[in-house]
Structures are given as structure tokens and as C-alpha cells.
Amino acid sequence: MSTETRSPSDPPTLREPSGPLPVGTLVAGCFAVCLAQIALAMPATLNGLFQEDLHPVGSQLTWISDAFLLPVTVLELTFGVLGDLFGRKRLLVGGGALLVVGEALAAASTGIHMLWVGQAIAGLGAAALFPTSLAVIAAGTHTARDRARTITIWAAALSSGGFVAPVLGGITGNYGSWRWAFVVVTGLALVSTVLSRLLAQNSSAPEGRSLDLAGQITIGIGMFALLYAVIQGPSDGWTATPVVIAYVVAAVFIGLFLAAESRAAAPLLRLDLFRNRAFAVASFVAVVGMFSYLGTAYATSIRLGPIQHQSPLRGSFAFILLNAWTLVLLPLISRLLEKVSARWVLGVGLALMAAGDFTAATLSVHDRALTSLILPIGLVGIGFALTVSSITATAVNTVEVHYAGMASASTSLLRDFGFTLGPAVIGAVALSRAADEFTRKLAGSGLGDQVKAAAGQVAAEGGPLAVNSVPAASPPGGAAPIALEALGNGYAVGYVVCGIAALVCCLLSVVALRGKAEETALEGIAAEEETAGI
């Protein structure tokens with residue numbers, strides 16, 4: 001591994017740096033991933049205000065979050081390659097600058113479509129920051145033990161962003177406007193850009209890496225089509241021509257991506273990495289487990305905001321419960337990753353997430369007490385704290401340091417693909433279930449024909465969420481209690497889906513990571529201890 005270093009203005013021929021990880025690089029990388037997570041998580045705390053101010057209909061509310069998540073998911077592999085080729089410091093600075101532009105545009109938006117554009121540009125920046133922040137830290141460490149420790153710090157910074165986001169969204173939404181939340185994130189993005197420029201040490205790994213255009217194009221089209229179909233299915237109809245075409249396009253282009261990667265001289269994603277059982281299991285859990293987590297967060301945000309109409313400040317309580325545990329448990333998680341098999345850390349974490357989701361599904365939609373959320377949401381938060389660090393450590397420690405950029409980008413891609421699926425799938429399942437129940441119960445209710453007709457018209461345009469938000473004294477307002485009950489039952493099913501996903505991942509982690517794969521993430525540490533005579 002080369003120890004050559006040059007200034008940021010030199011040609012991009014840097015290799016992995018030698019020596020201990022510079023503190024400045026750790027600070028810049030952790031601040032960058034914290035910022036990216038704040039930008040990702042914050043809109044969920046403001047869904048109620050978006051509903052009141054912008055009046056989104058159908059799937060438009062889901063697209064506010066997924067307009068950000070879509071470029072993150074589609075482009076993380078590409079930015080992983082770009083960082084390896086041209087230097088990861090450049091990606092940290094550029095990603096921060098894109099977040100500045102996107103968040104500022106979102107803050108100034110006058111309608112739902114402009115907000116989508118701002119979210120999409122900010123998502124481009126986050127797509128650079130998520131894999132690059134991890135790669136620049138992983139490349140600066142040179143033992144499995146040090147890498148496990150720094151990855152735990154990185155994961156804590158990521159979860160800190162999830163902790164800060166609801167506080168920021170709650171305070172600005174409660175005492176000002178949802179726009180001020182985006183203004184504050186714009187300022188944080190400026191700080192991150194400056195920190196990365198001044199403090200981060202550059203690194204790269206260009207050997208064997210090149211821009212895989214065929215892979216980038218096929219995975220981009222395939223994932224966009226898949227997410228479009230999942231998000232638009234409930235509002236357009238699952239058999240609607242655009243939705244069916246999107247599923248076909250997704251299947252074709254994801255297949256083309258796999259074919260292109262198997263033949264590429266310098267693939268965007270080395271498919272042979274998945275022959276390693278530990279990496280393959282960690283990859284699956286990254287998708288499905290993170291789908292469960294963000295699906296839970298999204299269901300909770302809709303329950304507290306557009307359904308129960310609680311204030312953003314009260315709603316932020318649930319998101320603090322979800323994200324604070326990684327910071328609280330940081331010392332314990334660090335020791336666990338050094339001493340305990342990854343399958344048990346993953347298994348326990350995912351089991352706690354499943355238990356929390358199944359408990360949340362039993363809560364009545366009429367229960368507005370925040371104390372009722374402590375047990376279920378707290379269990380999911382503790383489970384996530386255990387899961388996210390062990391997934392990342394397992395995946396990155398199964399490959400050589402030379403492929404740290406690729407492994408971290410792949411893990412980030414899969415994790416954030418799961419994040420993107422969370423709101424999309426849970427929103428689709430819950431709203432479809434709620435719409436069916438509302439239509440059935442409205443028709444069988446004793447409400448007058450005028451109320452039924454008015455409520456049916458509102459539901460046709462905006463679904464049960466729109467009916468639940470109309471003034472009680474208006475003609476369709478008489479059907480609001482029916483809409484409330486239907487939405488509560490619909491999102492209860494969403495919690496159950498998240499719980500089943502976490503339980504499946506739990507069983508897979510415990511069973512599939514046993515034996516040789518069980519020791520993969522720890523074998524480097526054992527070898528070092530033996531060499532040192534520990």
C-alpha cells in the first residue's frame with residue numbers, strides 16, 4: 001500500500017495514507033455523515049406541517065422523503081468509485097456544497113414540486129457523503145481493531161444526525177416554520193464543507209478502478225424504475241400501465257446491471273464479494289433490516305403528524321427515542337464488536353426491533369400519550385443501535401483495505417436502499433389498506449348522502465389522509481372519524497410488516513453467520529493479537 005501524499009491541488013494519484021488516522025479526518029468524516037443523516041431524517045418530523053401547508057395528495061408526501069433518498073440510493077456506488085479515483089476529500093467537499101444548494105432551495109420552495117427538486121439536489125450531496133465519509137476513515141486505519149473502533153464512532157455520528165434531526169425539526173416547526181429547519185441544515189452544510197476542506201486528509205485507491213458507465217446507467221435506471229413503481233402503485237393502481245411498465249423496466253435493467261458487472265474489467269460492484277457468506281448476509285440485512293427501521297420511523301411520523309395532528313415538537317420525542325441509543329450505548333457496542341460474534345450482536349438487535357414493531361402495532365390510534373411510545377420505539381432504537389454498527393463492521397472487515405471504498409459504498413448503497421424502501425413500501429401498504437377500509441366503512445355508515453359524496457370526492461383526490469385533515473364542520477368532516485380509524489389500522493399493518501422483516505433478518509443472521517462466517521469480522525483482530533503475543 002502506497003504511503004505517497006500530495007496536496008489537494010495535485011493530480012489524483014493519492015493512495016491510502018500511512019500512520020494513525022488523523023483526528024482532522026475523523027472529525028470531518030463524522031461531521032459529514034452526521035450532516036447527511038440530519039438532512040435525510042429531518043423531513044420525517046415535518047410531515048404534518050407539509051400536509052397542512054402544501055396539501056400533498058396521494059403519494060406526494062412520500063416523495064418528499066424519497067426525492068432525497070432516491071439519488072442517495074442510485075448514486076452511492078458511483079460516488080464510491082469517484083472517491084477511489086479522484087480522491088475522497090474532493091467528494092466530501094463537493095457533497096457538502098451540493099447539500100448547501102439543495103437545502104437552500106428547499107427552504108425557499110413555494111410548492112411541492114420545488115421542494116422535491118431541492119430534496120433531490122441535497123440527496124446528490126448526501127450520496128457523496130455517506131460512502132465517502134466511511135471510506136476516508138476506513139482507509140486511514142490499518143488494523144481490524146482500529147477499524148472496528150472508528151467505524152463505531154462513525155456509526156455514532158450517523159445516529160447523532162438522526163438524534164439532532166427531530167430536535168431541529170421539532171423546535172423550528174413548533175416555533176417558526178418548516179422552512180427554518182432547511183435554513184439551519186444549509187448552515188450546517190456550509191460548516192461541513194469548510195471542515196472537509198481544511199481538516200480531511202486525502203486518500204484514494206485508483207488501482208483497478210474506472211468509471212463503469214454500463215453499470216452506472218443500468219443500476220440508475222433499474223432502481224429509479226423500481227422505486228417509482230413501489231411509490232406510485234397505491235395512488236395510480238398496481239395494474240396501471242405506468243406502474244407495470246416501471247416494474248418491467250426495473251427487472252430488465254437490474255438484470256442488465258448484473259450482467260454488465262460480471263463482464264466489466266473494473267466493475268462498479270465486485271459481485272464476487274457476495275461469495276463471502278458474511279458479506280452477503282450483512283448485505284441482505286442492510287437492505288431488509290434498514291427497511292424495517294426507517295419504515296418504523298416513517299409510520300411513526302405519519303401517526304403523530306398527519307393522523308393525530310400532534311405538534312412537531314411532540315413528534316420529535318419519538319425520533320429521539322429511535323436515535324439516541326447509539327450514543328448512549330457507544331462504549332458497549334465498541335466492546336461487543338471487538339469481543340462478541342457479529343451474529344449475536346445482529347441477532348439481538350434485530351430481535352429487539354421486531355419486538356418493538358409488534359408492540360407498536362397494538363397501540364390504539366386514539367392513544368395520543370407519548371409515554372405509550374417509550375417501550376415500542378425504545379426497543380426499535382436500541383435494536384437499531386446494535387444493528388447498524390455490526391452490519392457495517394461485518395461488511396467492511398470482510399474485504400481488503402484496498403477495497404474499503406467499494407465495500408463501504410456497497411454497504412451504504414444497500415443500507416440506504418433499505419431506507420428508501422421503508423417509506424415507499426410502508427406508505428404503499430398502509431395507505432392501500434386504509435383506503436380500502438375507508439371506502440368500505442364509509443359506504444356502510446349511517447352518514448348522510450351529502451357527507452358520503454363529499455368525503456368520497458376528497459378521498460378520491462387525496463386519500464384518507466386528506467379526509468382526516470378537513471375541518472370537522474365541513475361536509476366531508478363527518479367522515480373524519482372513519483378515516484382516522486382506517487389510517488390507524490393501515491399503519492398498524494405497516495408496523496407488523498416492519499416487525500416481520502426484522503425477525504426474518506434476525507433468524508438469518510443467527511443461522512447463516514455461524515461457523516466460519518461467524519468469525520470473519522473478528523479474524524483480523526485475532527491474528528493481530530497472536531502476532532503481538534496478547
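Scanning for side chain to side chain donor-acceptor pair (under 3.5 Å) contacts around Trp325 gives an empty result, with sequence neighbours left out. In this structure Thr296 satisfies the side chain to side chain donor-acceptor pair (under 3.5 Å) test together with Asp357, sequence neighbours excluded. Annotation: side chain to side chain donor-acceptor pair (under 3.5 Å) contacts of Tyr228 (sequence neighbours excluded): none.
Counting heavy atoms from C-beta on, the side chains of Ile112 and Ile64 come closer than 4.5 Å. Put simply, the side chain of Leu313 reaches to within 4.5 Å of the side chain of Tyr175, judged on heavy atoms. Residues Thr218 and Ile254 have side chains not in contact (no heavy-atom distance under 4.5 Å, counting atoms from C-beta outward). Counting heavy atoms from C-beta outward, Phe130 and Leu158 have side chains that approach closer than 4.5 Å. At a threshold of 4.5 Å between non-hydrogen side-chain atoms, the residues Trp63 and Gln232 count as touching. Between Leu227 and Leu421 there is a side-chain heavy-atom pair separated by less than 4.5 Å. Side-chain contact between Leu386 and Met353 is absent, with no heavy atoms from C-beta onward closer than 4.5 Å. By the 4.5 Å heavy-atom criterion applied to side chains, Met42 and Leu168 are counted as neighbours.
Counted by atom type alone, Trp178 and Thr172 present zero donor-acceptor pairs between their side chains at under 3.5 Å. Under 3.5 Å, the side chains of Tyr495 and Thr300 contain a donor-acceptor pair of N or O atoms.
The OG atom of Ser133 sits 10.5 Å away from the CG atom of Leu91 when rounded to the nearest 0.5 Å. To the nearest 0.5 Å, atoms CZ (Arg197) and CZ (Arg90) are separated by 9.0 Å. The CD1 atom of Ile426 sits 8.0 Å away from the OG atom of Ser292 when rounded to the nearest 0.5 Å.
No donor-acceptor pair under 3.5 Å is formed between the side chain of Arg88 and the backbone N or O of Ile137.
In this structure, Phe253 places its CZ atom where only 12 or fewer heavy-atom neighbours from other residues, nucleotides or ligands lie under 6.0 Å away.
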